[in-house]
Structure formats: structure tokens, C-alpha cells
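Scope of the values below: all heavy atoms of this structure, side chains included, with no hydrogens, waters or symmetry mates. Sequential numbering from 1 along the given sequence is applied to the chain's residues. This structure is a prediction, so every number in the text was calculated from the model and none was measured.
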Amino acid sequence: MVSLLLVEDDVSLRQALTKALSKAHYNCRGVGSLEEALKALLEESYDIVLLDLKLPDAEGPQVVKRVKEVSEAKIIVITGYGDIKTAVESIKAGAYDFIQKPFNLDILEADIKRAIKEKLTEEENLTLKELIKKGMDYTFDTKSPKFAEVLSLCERYAKTDTNMLIIGETGTGKEVLARYIHGLSHRREKPFLVVECTSIPPELFESELFGHEKGAFTGASHRKKGLVEMAKGGTLFLDEVGELPQHIQPKLLRFIETKRFRRVGSVKEEFADVRIISATNRDLKALCEKGQFREDLYYRLSILELRLLPLRERREDIPILVNFFLSRWNKKISTEAMEMLKNYPWKGNIRELKNLLERACILADGDFVDDYLFISRENGTFERELFEGMPDLELLEARYTAYLLKVLKDVKKVAEVLGCSTRTVYRKLKILKEREFNNKL
């Protein structure tokens, strides 16, 4: 049952309203002063506070502020001394709505129902956000005002079906953020599928995206659904969309505009209601100017846009992230080592920090990971990492993938052994090729 606290100094009105609201199946209690109201709110939790602004011991919007300090209830102001200025000030102070006396009981009940609905939605979203955060690879707890603003935009954008572009450097957590947005949206019960634009061979891209019919090309032994079709009703995440092959761009544009597509080898159009979230670490506008990316597609993908900060621009969050990653391994770090981590440039952003800590946790025998992070000069700047030249986890995975392919000679078999998709195998092979090429330079 919804619980109401009526704060009204007019005894006859308080009794009449309490009786009427109780008949309407609300658990209603009435008090006559701010002091009594604050005491009641500290003793018991209420969903709604019906608050008169002119009380024996306080009056005006300040009364709203006092109630907000001790309760999360929705406050509906009811007063006979109201004007537009007072109403605006009350809303700014935290009131949900403002009703001027005399008022119709039906109007009050309708306002109460709206306030309850909003309160339930807020509580549901808060619970949902906590559940999503628990399953994340990164924590979204933050002390950075700029990153807090990004998260606030995520929550607003999640309520829409509009296509979105996430821009950020490698390792900033673009896919994690996209999953967070999907989890807050009404599509959360539907699939979230990733299109790894860097790892799908150009000649297979159309088939991977839109599917194919049996016999559409050599090796097409059966009909295959594409990622667009499999994501129906959910979200399709285009990772590193700047690498999208040019011959696919007009076909993707048409799908975005019509929500219709054709499987390779088919003349029949299919329909798929899919929201597209894209991510890139490249300047798409510059690619458009060079003719490497369609300008009309760029504008379709970036109706809503989010820019993820590199870790060096939110250093206040480094201790939060470090403790989050270390807690998974039940390890600790000294204050001195934490300060050094805060001053490190982190060109690989959160991913680099995570990999460094994961490696240190694996190697550390004791509780502290300090000795397995790096060696520093006396002035506190970094001289070299303890394991400089040693391949990181990403490169080790890529080399192991290449070794399996050499032995098994079949990408599908490699994927089965690794327990991943063929797209992931191609991505790891591409990483190996790029990393080893760069090491030769």
C-alpha cells in the first residue's frame, strides 16, 4: 500500500484529507508542523509527502528543502498562498509538483498516481543500473564530473531508439559503455550483438552482416542468418565502424533508412527492427573528407554522439579502477605505487591498466602487487616496466591463435578450440599482424 504523509496545520482540512485518502486505499498519516513531519519521516519511510508551505514553525520553499534532507519521498506542495514564483522555487528545491488550494480531490489523486509511477520507475532504473554495473568488466563509479556527465547522457540516450556514435581512444571502454546503454534500454531483453569491423574479411562482410542463401556462393551449403537478423529487436554494435569496407557502406545506409535488407543470393526483402550503436577511435569527418567514409552514413550513425575521455583526463578515477581490478584477485597496492599509477600516461587507457594489474596479480605471491608493476626512478617518474619487452596478454593470445591455425589449418576448428567465434579468431590474427609489423619499425 502507498504510504502518504500529510503535513497540514489546518486541523479540519487535515482530518478531511486523511479520511478521504484512506478511503482511496492509501496509508495516510497527518501531522501539523514541520517538526512533527521531520520526526515522522525519520521514524518511517513514506512514498509521498503532501506538504503545506505555511506551517507554524516554518514556511516557504525552505520547507521543501528540509523535507528533502531526510526523505526520498516525492513531495507534492499544497498551499493557499501560492504564486508562480513560489511554485518555481518549490520545484527547484525538490518538489515533484505544486497544487494551489482550493483543489479538487480527483486532481490530487491523479497527481499522487503520477508521482508514484515516477518513483517506481526511478527505483527500477536504479536497481537495473546496479545489476548492470555488477556484470561489467569496468566499474562506472567515478569522481570525474566530466565522466559523470557522460553517464548521465547514457541514461537519457538509453530511453531512445536513435542511432548513436561513441568516440574514444582504444581501450577506453566503448563496447562496455554500449552494453550499459543497451542494458538500460527497453531492448535489454533482446540480443546485443557485436560487429567487429576490423576482423571480418571484406569479402565476407556482407554475408556476416545480412546473411546468405544456400548456394549464394562457393561454400554456402546452407542458409545463414546475418548479425542484423539475429539482433532483431535488440542492439547491433558496430565496433571500429571507421574500418567498415566501402562496398558495404551504401548497403548499411539503406538498411538504416528502411530497416530492410536482403540476404546474399536472395531477391526477397527482410525486415529487422534494430538499434545501431557504433564506436570508433578515428576521425570519421576526416575520413569523409578523404572519400573513405560516406558522409550520409556518418550523419545517420551519429545522430546522438558520446565522447569517452581517455584515462589521463580522468586521473581521479584511477584509484577506483585499480581497487576494482585488484578486488577480483584479492590483492592490494601500496599508497606509493598507487600514486605512480596515477601519474602514468596510460596510452592504452583502461585496457592497459587492466592488463598490467592482471599480470601483476598472477605473478604476485603475497598480498601486494607493487613489485610486479614497474621500477621507478627516485624522482618518481617511470624508467621501465619490470617486464619490458615481454609480450602482454593480448599478444600472447594472438600468437597462440596463430599457432593453432598453423596446426589445425581451419579457422572454424580454431574457434571451437578457443570457444569463440570465427570473427574473434580473425581479429586476433589481425592484431598479431599489426603488432609484429609495428615492432619491426
Side-chain heavy-atom pair Ile112, Leu21 within 4.5 angstrom cut-off: yes
Please walk me through it: do Leu405 and Val425 pass side chain to side chain contact (heavy atoms under 4.5 Å, CB included)? CA-CA 9 Å; Leu405 183 61; Val425 173; 5.8 Å; no
So, the side chain of Lys251 versus the backbone of Glu206: is there a donor-acceptor pair under 3.5 Å, distance only? no
Is a donor on one side and an acceptor on the other found under 3.5 Å between the side chain of Thr172 and the backbone of Pro310? no
In the structure I gave you, are the side-chain heavy atoms of Val241 and Leu297 within less than 4.5 Å of one another anywhere? no
Heavy atoms, side chains only, cut-off 4.5 Å: are His247 and Pro202 in contact? yes
The reported gap from CZ in Arg423 to SG in Cys197 (rounded to nearest 0.5 angstrom) is 10.5 Å
How about Leu326 and Ile333: do any of their side-chain heavy atoms sit closer than 4.5 Å? yes
Are Lys224 and Glu208 within salt-bridge range, i.e. N to O under 4.0 Å? yes
Within a reach of under 6.0 Å around CZ of Arg66, are more than 12 heavy atoms found that belong to other residues, nucleotides or ligands? no
May I ask you to decide whether Lys430 forms a salt bridge with Glu196, counting only side-chain N to carboxylate O separations under 4.0 Å? no
Under 4.5 Å between any side-chain heavy atoms of Leu363 and Val369, yes or no? no
How close do Val64 and Ala95 get, heavy atom to heavy atom, and via which atoms? CG1-N, 3.6 Å
Hey, is Glu89 close enough to Lys92 for a salt bridge, meaning N to O under 4.0 Å? no
Drop me the distance from Arg359's CZ to Leu373's CG, to the nearest 0.5 angstrom. 9.0 Å
Mark yes or no for whether Gln249, through its side chain, and Arg294, through its backbone, hold a donor-acceptor pair below 3.5 Å. yes
Of the non-hydrogen atoms in Ala272 and Phe261, which two are nearest, and what is the gap between them? CB-CE2, 3.8 Å
Check salt bridge (charged side-chain N to carboxylate O under 4.0 Å, His left out) between Glu305 and all other residues, then give those that pass, not counting sequence neighbours. Arg307
Whether the side chain of Ser207 engages the backbone of Leu204 through a donor-acceptor N/O pair (distance < 3.5 Å, no angle test) should be reported. no
Mark yes when over 12 heavy atoms from residues, nucleotides or ligands other than Phe217 sit less than 6.0 Å from its CZ; otherwise mark no. yes
Regarding Lys146 and Glu313, does a basic nitrogen lie under 4.0 Å from an acidic carboxylate oxygen? no
Determine yes or no for a side-chain-to-main-chain donor-acceptor pair under 3.5 angstrom, with Arg315 supplying the side chain and Tyr344 the backbone. yes
Salt-bridged, Glu270 to Arg263, with N to O below 4.0 Å? yes
Looking at Tyr400, I want to see if its OH is surrounded by more than 12 non-hydrogen atoms of other residues, nucleotides or ligands under 6.0 Å. no
Closest approach of Ala216 and Gly265, non-hydrogen atoms and distance? CB-CA, 4.0 Å
What's the separation between atom CG in Asn163 and atom OG in Ser278, rounded to the nearest 0.5 Å? 7.0 Å
Take Val264 and Phe210 through the test side chain to side chain contact (heavy atoms under 4.5 Å, CB included) and record every step on the way to the result. CA-CA 7 Å; Val264 177; Phe210 300 119; 5.6 Å; no
Side chain of Lys68, backbone of Ala93: donor and acceptor closer than 3.5 Å? no
NZ/NE/NH1/NH2 to OD/OE distance under 4.0 Å, Glu243 and Arg282: yes
Would you say CD of Glu72 has more than 12 non-hydrogen atoms from neighbouring residues, nucleotides or ligands within 6.0 angstrom? no
Is there a donor-acceptor pair closer than 3.5 Å between any side-chain N or O of Asn323 and the backbone N or O of Pro319? yes
Is a donor on one side and an acceptor on the other found under 3.5 Å between the side chain of Asn349 and the backbone of Thr170? yes
Side-chain ion pair, Lys412 and Asp410, N-O less than 4.0 Å: no
Short question: side chain of Ser302, backbone of Tyr298 - any donor-acceptor pair under 3.5 Å? yes
Passes side chain to side chain contact (heavy atoms under 4.5 Å, CB included), Leu308 versus Phe147? Steps please. CA-CA 8 Å; Leu308 261 182; Phe147 189 60; 3.7 Å; yes
Contact summary for Ala231 and Val274, nearest pair of heavy atoms: O-CG2, 3.7 Å
Rounded to the nearest 0.5 Å, the CD1 atom of Ile116 sits from the OG atom of Ser3 at a distance of 7.5 Å
For Val77 and Ser90, work out which heavy atoms get closest and say how close. CG2-CB, 4.2 Å
Is any side-chain heavy atom of Pro345 less than 4.5 Å from a side-chain heavy atom of Arg312? no
Within-4.5 Å side-chain heavy-atom neighbours: Leu357 and Trp329: no
One pair to check against salt bridge (charged side-chain N to carboxylate O under 4.0 Å, His left out): Glu175 and Arg179. What are the steps and the verdict? CA-CA 6 Å; Glu175 182 179 337; Arg179 288 184 183 276; 2.9 Å; yes
Against Asp161, only a single residue in Lys190, Arg275, Arg187 fulfils salt bridge (charged side-chain N to carboxylate O under 4.0 Å, His left out); can you say which? Arg187
Are Val150 and Thr142 packed together at the side-chain level, in the sense that at least one heavy-atom pair is separated by less than 4.5 angstrom? no
Non-hydrogen atoms of Leu287 and Gly242 that approach each other most closely: CD1-O, 3.9 Å
Hey, mind stepping through Asp239 and Thr198 against side chain to side chain contact (heavy atoms under 4.5 Å, CB included) and telling me if it holds? CA-CA 8 Å; Asp239 191 20; Thr198 57; over 6 Å; no
Is the shortest side-chain N to carboxylate O distance from Arg254 to Glu269 below 4.0 Å? yes
The criterion is side-chain hydrogen bond (donor to acceptor under 3.5 Å, both in side chains); which residues satisfy it with Thr424, sequence neighbours excluded? Ser421
Has Glu240 got a side-chain atom pairing as donor or acceptor with Asn281's backbone, closer than 3.5 angstrom? yes
Check this for me: Lys259, atom NZ, are more than 12 non-hydrogen atoms of other residues, nucleotides or ligands nearer than 6.0 Å? yes
How long is the span from the CG atom in Leu193 to the NE2 atom in His182, to the nearest 0.5 Å? 8.5 Å
Quick one: pull up OG1 in Thr258 and CG in Leu253 and give me the separation to the nearest 0.5 Å. 9.0 Å
